[in-house]
Amino acid sequence: MSSQKIETGHQDMVHDVQMDYYGKRIATASSDNSINIISVSKNTGSQILATLNGHKGPVWQVSWAHPKFGSMLASSSYDGQVIIWKEGNQNQWTQAHVFNAHKSSVNSIAWAPHELGLCLACGSSDGSISVFIARSDGGWDNNQIEQAHSVGVTSVSWGPTTAPGSLVGSSLVDPLWKLASGGFDSTVKVWTLQDGIWRRDSSLALHTDWVRDVAWSPNLGLQKSTIASGSQDGTVIIWSVGKEGGKWEGTVLNDFKTPIWKVSWSLTGDLLAVADGNNNVTLWKEAVDGKWQQVTTVEP
């Protein structure tokens, strides 16, 4: 496997790197308060296409919207702001919207599955989760979850729009709106939107220190719903539930003995990547007996 080094052009630490839908560009978020859009190609290497300035503090996360909504990027920052950036002419980016719903650092952002429309969830150190939904007139509504984690929200992840075990395509009838969140209170919480109100349907408490990241697995056609959480306590826990409304069960995937930075599922939902505090990235797969096994280590 050949690797390619990419010069990000940032003057300070890079906190997040996200590839666009087509794998042609990456967006980087940095402590230098800026975002860079970088082209990646095997032939020409990488080049910085645009630098987006607007945040007044370190940028923690960036996230590309689905291309059916155009070329659009969201960013969240220590300054409490979430900015929606839109590309007009090629490499010409403007601030399409600035959200000031939060009183402190916005640590995590996630676009909803595109079937739900243009919708962004944001988790903040102020304890709340905001869910911004684009209206047809170009404005946005905010359907907020107040005090989701009283001491602060670290991460948000959308659930699939179909219930476990349901037929593919059934989401078009009545798609599910579900969110998982992690917090400084060491818990993972699961939220469901019912009748226009977000309700907590589960609070999952097995971690002994704050949850750094949560990731809901794409469950296409699978018989269960699965969430991975990584914590400051060094463990990754796999939470799963067999049917809608059932009880979540947690299994420790592994104790890495160093804080977990990030957990991320493959598109098919059968492989989990874990980034830990020793700069290791490991891949894990569930065996037939339900135990998780390490597949490989990715060399830094």
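N278 places no side-chain N or O within donor-acceptor distance of the main-chain N or O of N280, the cut-off being under 3.5 Å. At distances below 3.5 Å, at least one donor-acceptor pair connects side-chain atoms of S231 with backbone N or O atoms of D209. Here the side chain of T161 pairs no donor or acceptor atom with the backbone of P175 at under 3.5 angstrom. The main-chain N or O of L52 is never found under 3.5 Å from a side-chain atom of S34 such that the two would form a donor-acceptor pair. With hydrogens and angles disregarded, a donor-acceptor distance shorter than 3.5 Å links the side chain of S124 to the backbone of S104. Side chain of W284 to backbone of V274: no donor-acceptor contact under 3.5 angstrom is found. One N or O on the side chain of W265 and one on the backbone of A215 form a donor-acceptor pair closer than 3.5 Å.
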Please report, to 0.1 Å, the donor-acceptor pairs under 3.5 Å made by any side chain of residues 53-60, with sequence neighbours excluded.
from : atom 1 : to   : atom 2 : distance (Å)
H55  : ND1    : D79  : OD2    : 3.2
H55  : NE2    : S75  : OG     : 2.7
W60  : NE1    : S105 : OG     : 2.8

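By the 30° and 60° cut-offs, the orientation of the rings of W140 relative to F99 is perpendicular.
Side-chain contact, S128 with D126: a donor N or O sits under 3.5 Å from an acceptor N or O. With hydrogens and angles left out, the side-chain atoms of Q61 and N107 include no donor and acceptor closer than 3.5 Å. No side-chain donor from either of S77 and N33 sits under 3.5 Å from a side-chain acceptor of the other.
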side-chain contact (heavy atoms from CB on, under 4.5 Å) for H66 and W111? Distances and angles first, verdict last. CA-CA 8 Å; H66 190 278; W111 291 103; over 6 Å; no
Check against side-chain contact (heavy atoms from CB on, under 4.5 Å), E286 and I238: CA-CA 10 Å; E286 189 177 10; I238 305 291; over 6 Å; no
Can V236 and N254 be said to form a side-chain contact (heavy atoms from CB on, under 4.5 Å), step by step? CA-CA 6 Å; V236 170; N254 189 38; 5.8 Å; no
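With sequence neighbours excluded, no residue forms a salt bridge (charged side-chain N to carboxylate O under 4.0 Å, His left out) with D16. Every side-chain contact (heavy atoms from CB on, under 4.5 Å) that T187 has, sequence neighbours left out, goes to H149, D185, K189, S203, A205. Qualifying side-chain contact (heavy atoms from CB on, under 4.5 Å) partners for E87, counting only residues two or more places apart in sequence or in other chains: R25, S71, Q90, N91, W93. Applying the side-chain contact (heavy atoms from CB on, under 4.5 Å) criterion to T192, with sequence neighbours excluded, gives K178, Q194, D201. Here D276 pairs with nothing under the salt bridge (charged side-chain N to carboxylate O under 4.0 Å, His left out) rule; sequence neighbours left out. Residues satisfying the salt bridge (charged side-chain N to carboxylate O under 4.0 Å, His left out) test with K285, not counting sequence neighbours, are D270. Judged as a side chain to side chain donor-acceptor pair (under 3.5 Å), and not counting sequence neighbours, the contacts of T235 are H207, D233. Residues satisfying the salt bridge (charged side-chain N to carboxylate O under 4.0 Å, His left out) criterion with D255, sequence neighbours excluded, are K257.
Atom CH2 of W261 has 12 or fewer heavy atoms from other residues, nucleotides or ligands within 6.0 Å.
I227 belongs to a hydrophobic cluster with V188, V190, L204, L206, V211, V214, W216, I237, W239, V241, W248, V252, counting contacts under 4.5 Å between side-chain heavy atoms of Ile, Leu, Val, Met, Phe, Trp and Tyr, direct or through other members. Counting side-chain heavy-atom gaps under 4.5 Å among Ile, Leu, Val, Met, Phe, Trp and Tyr, the cluster of V153 also holds L116, I129, V131, I133, I145, V156, W158, W177, L179, W191, L193, W198. Hydrophobic cluster membership of Y22, counting Ile, Leu, Val, Met, Phe, Trp and Tyr whose side-chain heavy atoms lie under 4.5 Å apart directly or via other members: Y21.
The shortest non-hydrogen separation linking T208 to S186 is C-OG, 3.9 Å.
Note on L120: it does not cluster hydrophobically with V62, by side-chain heavy-atom contacts below 4.5 Å among ILVMFWY residues.
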